[in-house]
Amino acid sequence: MTLQPVRGTKDHLFEEAQHFQWIKDVCAHQATLGGFRRIETPIFEFTEVFHRLGESSDIVTKETYTFEDRGGESITLRPEGTAPVVRAVISNGLTQKLPLKFFYAAPMFRYERPQKGRYRQFHQFGVEFMGADQPLVDVEVMALGYGTLKALGIEKKVTLKVNTLGDKHSRSSFTKALVDYLTPLKDQLSEDSKTRLAKNPLRILDSKSPQDQEILKGAPTLAQHLTPEAKSYFDQVVEGLDALEIPYEIDTKLVRGLDYYCHTAFEFVTEDLGSQGAVIAGGRYDGLCEDLGGPALPSVGWAMGIERAQLLSQLPEQEPQDCYVVPVEDGDFASAQRLVMELRREGLHAQMFYKGALKKQLKKIDQQGAAWALIYGETEREEGGVMARHLPSGKQEFVSLKDLPHVLRKGELQ
Ligand code: HAM
C-alpha cells in the first residue's frame, strides 16, 4: 500500500500552495484595511464550546472530530472559527474593550462526505465584528466580503444572497406557525425533516428534498412573523447595501447550517462549483457569547472557504525573481556559495545546485523557471563579476559584483 493522505484532506504543493497563500494574503490585506486584527486560536477546544452552539445543527452533532484526550477531557477539532473566537474573547477578558474586529485564516475539520469543494480538513478565512448592534455594521461586513471577492477577481462569479432570520420574538412566533402547519403533514416529509420538525424546524426550509419543497410552498413565511423592530433592522441593512451599490438578492429560503444566527444571514454563492455553492457565508450572532457563558456581545461575521475561492480564482502571473549562482569547475562551489549568501544579505533571492556540470546545471535552472543564471568561475572571479544570463530574454552579459544587486533588482540587462 502506498501511503495516501486521509480521505477528505490534501497536500498543497508548489503553485497550488502559492495560490493558497496569495488568497490568504489578499484577504488579510482587505481585512487589515478595515482595522481587523489577526487572531490565532488553538485548533482544538473543549467539546462544549461547539456543542453549546446547537444540538440541532448537523455540523455540531454529526460532523465533528471529537475524542477524549489522555486526561479524560472531551476535545473537538474546531469545525468553524466563530465559537473559538468568542471563547477567546471571554477567556481573555476582552468583552469591555469594544468593538473588537478580528480575522483568521485557519484549518477547520468536519467529517463530511468529500467531493469537489468539500473536504474534511479545509481552510477558512473569517472575520468577526464584535460588540456592535447597528445594521450598518452588517453592511460593512458584507461590503468587506464583496471587496475581498473583488480583490480576488471573482466577484462576478458569485451572487450575494441575504435574508433576515428576525429577532427572538419573530423566530419563536414563526417557528410555532411552521410547526403548526407541518405537523399534520409530517408523514409526507423526508426523514431528515421529520427529525428536524422536533429539533430545529427552521432548517426544514433549507431541505433539498423536492417533496419537502412542495409542502413548503404553502407554509407560513418568516416575513409574516417579523416584529416591527426586526423588519426595520432588515430594511436598514438592505438600504445600506443599496447605498454602497453592492449587488444582492433577497432569498427568504436562506437559513444557515449553524444555529447561532439572528437578524441578517447571508451567503455569496456561485453556480461554478456544483452543489458546494457557498464561497462566503455568515451573519449576525448576537446571542452566542451569552450561550457560551459570557455577557451580551452583539456580533456579525463571515467565513470564506479558501479551497472554494481557489477553485474560482487564478494566481496572478508573477515575474520570476530567483537567481542561481552557477559554479563552473569543481573548485568553484565554495566561492559560489559565498556569493549566494552575499546576494541574500542584499535581500535578493539566490540559490545554487551543489553538483553537476555547467551545462546540466543551466538546463535544470531553465526548467525551474528562474530569472537568472549567474555563471561564476575562475575567470569571472578574477575579473570581479559574473556572466549574467537573463533567462526570460536569453540575453547574457558580464556584470561586475558591484553592479550585480542593482541589475538583479531591475530585472533586466542594459
Ligand atoms: P459555514 O457556512 O459553516 O459558516 O462555513 C463558511 C464557509 O466555509 C462555507 O461557505 C464554505 O465556503 C466553507 N466550507 C464549509 N465547509 C466546508 C468543507 N467541508 N470543505 C470546504 N469548504 C467548506 C461558518 O463556519 C461560520 N463560522 C461563518 C461565520 C463567521 N459566521 C459568522 N462569522
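Each ligand, and each atom within it, is numbered from 1 in the order the structure gives.
The shortest N or O to N or O distance between Y260 and ligand 1 is under 3.5 Å. Inclusion of E80 in the set of residues having an N or O under 3.5 Å from an N or O of ligand 1 is warranted. Considering backbone and side-chain N/O of P79, none are found under 3.5 Å from N/O of ligand 1. At a 3.5 angstrom cut-off on N or O pairs, V279 counts as close to ligand 1.
When all heavy atoms are compared, the tightest approach of L413 to K395 is CD1-O, 3.5 Å. Pairing each heavy atom of S207 with each of S190, the nearest pair is OG-OG, 4.5 Å. The two residues L254 and N163 make their nearest non-hydrogen contact at O-ND2, 2.9 Å. Looking at every heavy atom in both residues, V86 comes nearest to M130 through CG2-CE, 3.7 Å. A pairwise comparison of heavy atoms in C289 and T95 identifies SG-CG2, 4.5 Å as the closest pair. What you find for Q361 and G356 is that their closest heavy atoms are NE2-O, 3.0 Å.
Side-chain atoms of E80 come within 3.5 Å of backbone atoms of A83 as a donor-acceptor pair (strictly under, hydrogens ignored). No donor-acceptor pair under 3.5 Å is formed between the side chain of R110 and the backbone N or O of Q121. Side-chain atoms of S193 do not come within 3.5 Å of backbone N or O of L189 as any donor-acceptor pair.
Atom 20 (N) of ligand 1 has as its closest protein heavy atom Y119 N, 3.0 Å. Atom 13 (C) of ligand 1 has as its closest protein heavy atom G305 CA, 3.6 Å. Scanning the protein for heavy atoms near atom 6 (C) of ligand 1, the closest one is Q124 NE2, 3.3 Å. For atom 1 (P) of ligand 1, the closest non-hydrogen atom of the protein is R256 NH2, 3.5 Å. Protein heavy atom closest to atom 12 (O) of ligand 1, with residue, atom name and distance, is A278 O, 2.9 Å. At the shortest separation from atom 24 (C) of ligand 1 among protein heavy atoms lies L258 CD1, 3.6 Å. Considering only non-hydrogen protein atoms, atom 31 (N) of ligand 1 sits nearest to Y261 OH, 2.6 Å.
Taking only non-hydrogen atoms, the option from E267, R110, E307, M130 nearest to atom 15 (C) of ligand 1 is R110. Considering each of G277, G117, A265, the one bringing a non-hydrogen atom nearest atom 21 (C) of ligand 1 is G117.
Short contacts between ligand 1 and A281, defined as distances under 4.0 Å to a heavy atom of the residue, involve ligand atoms 2 (O), 10 (O), 28 (C), 29 (C). Close approach of ligand 1 to G282 (heavy-atom distance below 4.0 Å) involves ligand atoms 31 (N). Near W302, meaning under 4.0 Å from one of its heavy atoms, ligand 1 places the atoms 29 (C), 30 (C), 32 (C), 33 (N).
Under the 4.0 angstrom criterion for non-hydrogen atoms, R308 is in contact with ligand 1. In this structure, G126 does not count as a contact residue of ligand 1, since none of its heavy atoms falls inside 4.0 Å of the ligand.
Screening D167, D133, D138 against R284 for a salt bridge (charged side-chain N to carboxylate O under 4.0 Å, His left out) leaves a single residue, D138.
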